[in-house]
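Notes follow once the structure below has been shown.
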Amino acid sequence: MKGEKREIFNSASVGPDKCTFCKIAKGEFPSYTVFEDETYIAFLDINPFSKGHTLVCPKAHGETVWDMKEAEIGGLFLLAARISRAVVEATGAEGFRLLQNNGEAANQIVSHVHVHVIPVMMSHKGKPMDRIRLEGKEMEDTSAAIRKALARD
């Protein structure tokens with residue numbers, strides 16, 4: 001119904017004071033950060049689908065894109081596109097996925113708006129991807145390679 005505010009269910013809903021991504025943005029939780037400015041932060045997913053899997057987030061807390069202004073949504077996706085070039089270059093990927101989930105039904109795990117930049121290879125084509133585990137040194141090396149590629153951009 002027009003004018004009626006619709007809510008998206010997420011059992012993981014928390015305020016900014018308890019939000020993992022807000023704490024990363026404030027420097028209270030560690031991360032493998034690849035980009036940061038006043039408005040956005042991008043860091044490696046600690047439970048990635050592939051090496052270089054990066055999360056791009058607004059620093060301001062909001063659970064879904066419905067909590068953002070159109071210009072903020074545009075800025076988020078422009079940055080995700082820029083990050084995707086650096087991720088592909090740094091990882092040697094043959095393609096990439098941009099994924100953005102809203103609500104638990106859409107598999108949103110952390111209740112803070114974020115875009116996944118997932119590098120993929122031809123060997124991933126048509127196959128479901130499982131989460132992988134990367135060690136700290138590989139995460140640090142990957143984040144450094146992405147930062148270096150971004151600096152050339």
Side-chain angles (χ1 to χ4, degrees), residues 6 8 10 12-14 16 19-134 136 138-153:
R6 176 127 164 118
I8 299 293
N10 197 328
S13 291
V14 295
C19 173
T20 300
F21 289 177
C22 285
K23 290 182 180 286
I24 288 172
K26 291 177 188 169
E28 295 172 10
F29 282 180
S31 69
Y32 296 97
T33 301
V34 300
F35 175 88
E36 182 172 12
D37 67 12
E38 313 78 46
T39 309
Y40 302 102
I41 186 166
F43 50 91
L44 295 184
D45 191 312
I46 61 165
N47 212 5
F49 284 112
S50 62
K51 179 178 158 184
H53 178 170
T54 302
L55 305 176
V56 184
C57 309
K59 287 185 172 181
H61 185 75
E63 288 193 17
T64 73
V65 293
W66 289 354
D67 297 322
M68 300 175 73
K69 295 179 177 138
E70 285 183 6
E72 295 168 332
I73 296 168
L76 177 64
F77 277 90
L78 285 170
L79 179 58
R82 180 177 170 216
I83 297 289
S84 72
R85 291 181 192 279
V87 166
V88 166
E89 179 182 329
T91 63
E94 297 169 314
F96 66 96
R97 293 182 175 131
L98 289 182
L99 177 67
Q100 202 279 317
N101 302 317
N102 293 279
E104 189 169 330
N107 292 325
Q108 183 181 15
I109 296 169
V110 177
S111 295
H112 185 114
V113 176
H114 57 285
V115 176
H116 295 259
V117 177
I118 306 170
V120 293
M121 302 300 284
M122 284 300 290
S123 60
H124 298 138
K125 184 178 177 181
K127 298 176 184 170
M129 294 182 74
D130 293 320
R131 300 274 182 172
I132 61 172
R133 190 82 182 135
L134 300 173
E138 191 168 13
M139 295 285 278
E140 185 52 51
D141 290 348
T142 302
S143 63
I146 295 169
R147 286 190 301 273
K148 185 176 179 182
L150 277 169
R152 285 192 296 270
D153 183 29

(message) I'd like to know whether CG of L98 has more than 12 heavy-atom contacts from other residues, nucleotides or ligands below 6.0 angstrom.
(response) yes
(request) Report the C-alpha separation of F35 and L150 in whole Å, then their side-chain angles, then the decisive distance to 0.1 Å, and conclude whether the side-chain contact (heavy atoms from CB on, under 4.5 Å) test is met. (result) CA-CA 8 Å; F35 175 88; L150 277 169; 4.1 Å; yes
(request) Look up atom OG1 in T39 and atom CG in L76, then write down how far apart they are to the nearest 0.5 Å. (result) 11.0 Å
(message) Could you work out, with side chain to side chain donor-acceptor pair (under 3.5 Å) as the rule, every residue matching K59, not counting sequence neighbours?
(response) E36
(request) Could you pull out the closest heavy-atom pair between N10 and E63, with the gap in Å? (result) CB-OE1, 4.2 Å
(request) Working to the nearest 0.5 Å, report the span between CD1 of I83 and CG of L78. (result) 11.5 Å
(message) Restricting to non-hydrogen atoms, name the atom on C19 and the atom on H112 that form the minimum distance, rounded to 0.1 Å.
(response) SG-ND1, 3.3 Å
(request) Not counting sequence neighbours, which residues clear ring-ring contact (aromatic ring centres under 6.0 Å, His included) with H116? List them please. (result) H53, H114
(request) Not counting sequence neighbours, which residues clear side chain to side chain donor-acceptor pair (under 3.5 Å) with T20? List them please. (result) none
(message) With rounding to the nearest 0.5 angstrom, report the CZ to SG distance, F43 to C57.
(response) 4.0 Å
(message) With a 4.5 Å cut-off on side-chain heavy atoms, are D37 and L79 touching?
(response) no
(request) May I ask you to test the V115-L99 pair for a side-chain heavy-atom distance under 4.5 Å? (result) no
(message) How close do S84 and V117 get, counting heavy atoms only, and between which atoms?
(response) CA-CG1, 3.6 Å
(message) Taking the cut-offs as 6.0 angstrom to the six-membered ring centre and 45 degrees off its axis, would you call R131 and F49 a cation-pi pair?
(response) yes
(request) Would you indicate whether the side-chain heavy atoms of T64 and Q108 approach each other to under 4.5 Å? (result) yes
(message) One pair to check against side-chain contact (heavy atoms from CB on, under 4.5 Å): W66 and N102. What are the steps and the verdict?
(response) CA-CA 9 Å; W66 289 354; N102 293 279; over 6 Å; no
Per-pair distances, 0.1 Å, donor-acceptor, side chain in residues 21-33, under 3.5 Å, sequence neighbours excluded:
{"from": "K23", "atom 1": "NZ", "to": "D17", "atom 2": "O", "distance (Å)": "3.2"}
{"from": "S31", "atom 1": "OG", "to": "T33", "atom 2": "OG1", "distance (Å)": "2.6"}

(request) Could I get the full list of side chain to side chain donor-acceptor pair (under 3.5 Å) partners for N47, not counting sequence neighbours? (result) none
(request) Using the test side chain to side chain donor-acceptor pair (under 3.5 Å), find all partners of R82 that sit at least two apart in sequence or belong to another chain. (result) D153
(request) Measure from the side-chain N and O atoms of H124 to the backbone N and O of P119, and report whether any donor-acceptor pair falls under 3.5 Å. (result) no
(message) As a quick check of understanding, evaluate side-chain contact (heavy atoms from CB on, under 4.5 Å) for L44 and L134, giving each step before the final call.
(response) CA-CA 11 Å; L44 295 184; L134 300 173; over 6 Å; no
(request) Determine, step by step, whether M129 and V120 satisfy the side-chain contact (heavy atoms from CB on, under 4.5 Å) criterion, reporting the C-alpha distance in whole Å, the side-chain angles of both residues, the deciding distance to 0.1 Å, and the verdict. (result) CA-CA 10 Å; M129 294 182 74; V120 293; 3.8 Å; yes
(request) Taking all heavy atoms of A71 and all of Y40, pick out the closest pair and write down the distance. (result) O-OH, 4.5 Å
